[in-house]
Enquirer: 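One structure is given below, represented as structure tokens, and several questions about it will come after.
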Amino acid sequence: MSLLPDRERAPDGNDSRGAISPQEMVPSRKNVVLVDGVILNGPATDVKAGEKFVEDACRLIMKEVVLKATDINEKVCEWRPPEELKRLLDLELRDAGEPHHRLLQRCQDVIRYSVKTNHPRFFNQLYAGLDYYSLVARFMTEALNPSVYTYEVSPVFLLVEEAVLKKMIEFIGWKEGDGIFNPGGSVSNMYAMNLARYKYCPDIKEKGLSGLPRLILFTSAECHYSMKKSASFLGIGTENVCFVKTDGRGKMIPEELEKHVQEAKKEGAAPFLVCATSGTTVLGAFDPLDEIADICERHGLWLHVDASWGGSALMSRKHRRLLQGIHRADSVAWNPHKMLMAGIQCCAFLVKDKSDLLKRCYSANASYLFQQDKFYDVSYDTGDKSIQCSRRPDAFKFWLAWKALGTLGLEERVNRALALSRYLVEEIKKREGFKLLMEPEYANICFWYIPPSLRQMEEGPEFWAKLHLISTREGDVHLLWTTARTRIRTTK
Ligand SMILES: Cc1ncc(COP(=O)(O)O)c(C=O)c1O
């Protein structure tokens with residue numbers, strides 16, 4: 001079905017507005033500026049047609065995505081296997097462009113076969129639901145297309161970022177600090193690893209890795225996999241990531257950490273960083289930050305807290321005790337795009353240091369961009385703290401949602417997610433065929449589904465082998481994993 005009104009279609013039924021008529025393109029013959037066979041003073045694009053296309057596409061997004069987001073009768077996903085989906089979408093890129101009605105049809109197909117992450121029944125790992133304010137913020141930034149490196153290009157968004165970082169720093173409990181929004185918690189962890197190493201040996205920026213002792217870092221066995229990636233990417237090496245044992249709830253055991261640090265020192269390695277996790281990815285565990293901070297202080301180690309997932313609890317007066325001691329961290333990763341629903345991607349890397357360490361570590365002082373003699377205060381050109389050049393104004397999504405809901409509204413969002421977790425746990429306990437793995441600390445609820453055929457069987461090796469097989473066949477990991485973070489909206 002075409003979404004175009006009839007009056008906008010050509011008599012043959014096709015929409016001809018996408019094609020630009022030669023009369024429109026060509027200026028009068030005597031005014032033409034022709035270089036290398038290109039008319040430079042003709043329109044580069046058909047503006048009217050482009051505007052109309054945006055208008056129609058926005059209407060389509062409103063109808064097919066936004067208004068259907070809360071409709072429980074809609075499908076979460078119209079699943080197709082890859083080969084069939086390739087055929088349905090006709091992905092090949094050709095020499096000639098297509099008219100707008102065809103493009104709108106394509107947009108409709110993309111929506112149709114995409115997973116509706118806004119749907120009330122989307123229960124994937126990391127995020128869910130629709131925050132209308134951050135969505136509008138995303139529309140705005142897509143339309144304005146700013147790049148957050150210098151104040152002259154992004155005056156509003158740089159100030160917004162500063163305001164959001166300041167508030168997040170306040171919630172961590174630091175008096176002051178610094179930070180940068182970046183494309184993900186994984187990247188924040190990489191920022192932290194590199195910054196801690198720079199603090200340990202500032203010469204590394206110029207001299208590189210040669211001549212350094214064997215640097216070693218410590219994190220829990222339940223940490224996010226980005227620790228390994230960062231260590232390999234930064235030339236530290238995955239063998240120099242020491243995975244400290246966790247207790248039965250998935251929390252790092254401080255005595256084990258102490259033991260490993262001492263052993264590493266004895267072996268002549270150079271410990272430089274401990275990465276604690278506040279809200280582990282699978283179990284939702286919170287490492288004991290105060291005890292870990294004591295060890296870091298004793299050994300002069302940088303303490304980074306990966307609160308990508310658990311950081312949201314800082315917004316809740318009821319639950320922020322989970323991150324007790326976070327103010328003692330040197331750096332923190334916190335993703336508002338997870339439980340706070342700020343839209344992917346919205347991730348902050350925050351640093352306690354206020355001596356410009358972040359900038360000293362990352363800056364390259366490109367003279368074409370970061371001139372020091374501009375007509376405004378160049379300390380607002382914060383882009384050189386980033387590993388990126390072009391950078392999206394991700395803080396704005398969070399800012400608009402925060403403005404709309406207030407701190408109290410965000411707090412309620414967190415409280416609600418955790419209340420939903422409690423509810424789910426009680427339901428699991430009540431229902432036959434479900435086995436809770438442990439009482440959750442946060443919004444991760446790990447449980448087994450035991451099918452009727454296994455319910456009378458004793459829990460021996462055969463039972464577990466069969467259960468694993470079933471979980472795998474059902475297309476999921478052995479440990480079924482869900483979180484209430486994915487269900488923070490109600491349906492009527
Ligand atoms: C604890 C933790 N750290 C880091 C990350 C990575 O965050 P991102 O997906 O934004 O890279 C995740 C993602 O789930 C996480 O759970």
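In this chain, numbering begins with 1 at the start of the sequence shown. Atoms within a ligand are numbered from 1 in the order they appear, just like the ligands themselves.
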Enquirer: Any idea which atoms of ligand 1 are less than 4.0 Å away from a heavy-atom of Gly279?
Expert: 1 (C)
Enquirer: Any N or O of Thr281 that comes nearer than 3.5 Å to an N or O of ligand 1?
Expert: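 It does: an N or O of Thr281 is found under 3.5 Å from an N or O of ligand 1.
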Enquirer: For Asp306, state whether at least one heavy atom is located under 4.0 Å from any atom of ligand 1.
Expert: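 For ligand 1, residue contact (heavy atoms, under 4.0 Å) with Asp306 is present.
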Enquirer: Pick one of side chain, backbone, both or neither for how Asn335 approaches ligand 1, counting any non-hydrogen atom pair under 4.0 Å.
Expert: side chain
Enquirer: Only heavy atoms of Lys338, strictly under 4.0 Å: list the atoms of ligand 1 that pass.
Expert: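 Contacts of ligand 1 toward Lys338, numbered from 1: 7 (O), 9 (O), 12 (C), 13 (C), 14 (O).
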Enquirer: Do Asp306 and Thr277 have side-chain N/O donor and acceptor atoms under 3.5 Å apart?
Expert: no
Enquirer: Determine whether the side chains of Arg392 and Ser147 contain a donor N or O and an acceptor N or O closer than 3.5 Å.
Expert: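 Checked: Arg392/Ser147 side chains show no N/O donor-acceptor pair below 3.5 Å.
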Enquirer: State yes or no: are the ring centers of Trp334 and Trp309 separated by less than 6.0 Å?
Expert: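 That pair fails the under 6.0 Å test.
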Enquirer: Out of all atoms in ligand 1, which are within 4.0 Å of some heavy atom of His337? Include the element for each.
Expert: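 Within the 4.0 Å cut-off of His337, ligand 1 contributes 10 (O).
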Enquirer: Between Tyr149 and Phe370, is the gap from one ring center to the other below 6.0 Å?
Expert: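 Centroid separation for Tyr149 and Phe370: 6.0 Å or greater.
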Enquirer: Who are the side chain to side chain contact (heavy atoms under 4.5 Å, CB included) partners of Ile387, not counting sequence neighbours?
Expert: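 Partners of Ile387 under the side chain to side chain contact (heavy atoms under 4.5 Å, CB included) test: Val187, Met190, Tyr191, Tyr362.
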Enquirer: Pick one of side chain, backbone, both or neither for how Ser186 approaches ligand 1, counting any non-hydrogen atom pair under 4.0 Å.
Expert: both
Enquirer: Quick one: does any side-chain atom of Ser154 pair with a main-chain N or O of Tyr151 as donor and acceptor, under 3.5 Å?
Expert: no
Enquirer: Please collect all ring-ring contact (aromatic ring centres under 6.0 Å, His included) contacts where either partner lies in residues 381-406, sequence neighbours excluded, each pair once.
Expert: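 Matches after skipping sequence neighbours: Phe157-Phe396, Phe171-Trp402, Phe396-Trp399, Phe398-Trp402.
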Enquirer: Can a non-hydrogen atom of Gln345 be found less than 4.0 Å from any atom of ligand 1?
Expert: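 Per 4.0 Å heavy-atom rule, Gln345 does not contact ligand 1.
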Enquirer: Out of all atoms in ligand 1, which are within 4.0 Å of some heavy atom of Gly184? Include the element for each.
Expert: 10 (O), 11 (O)
Enquirer: Nearest non-hydrogen atom to atom 6 (C) of ligand 1 belongs to which of His224, Lys229, Met227?
Expert: His224
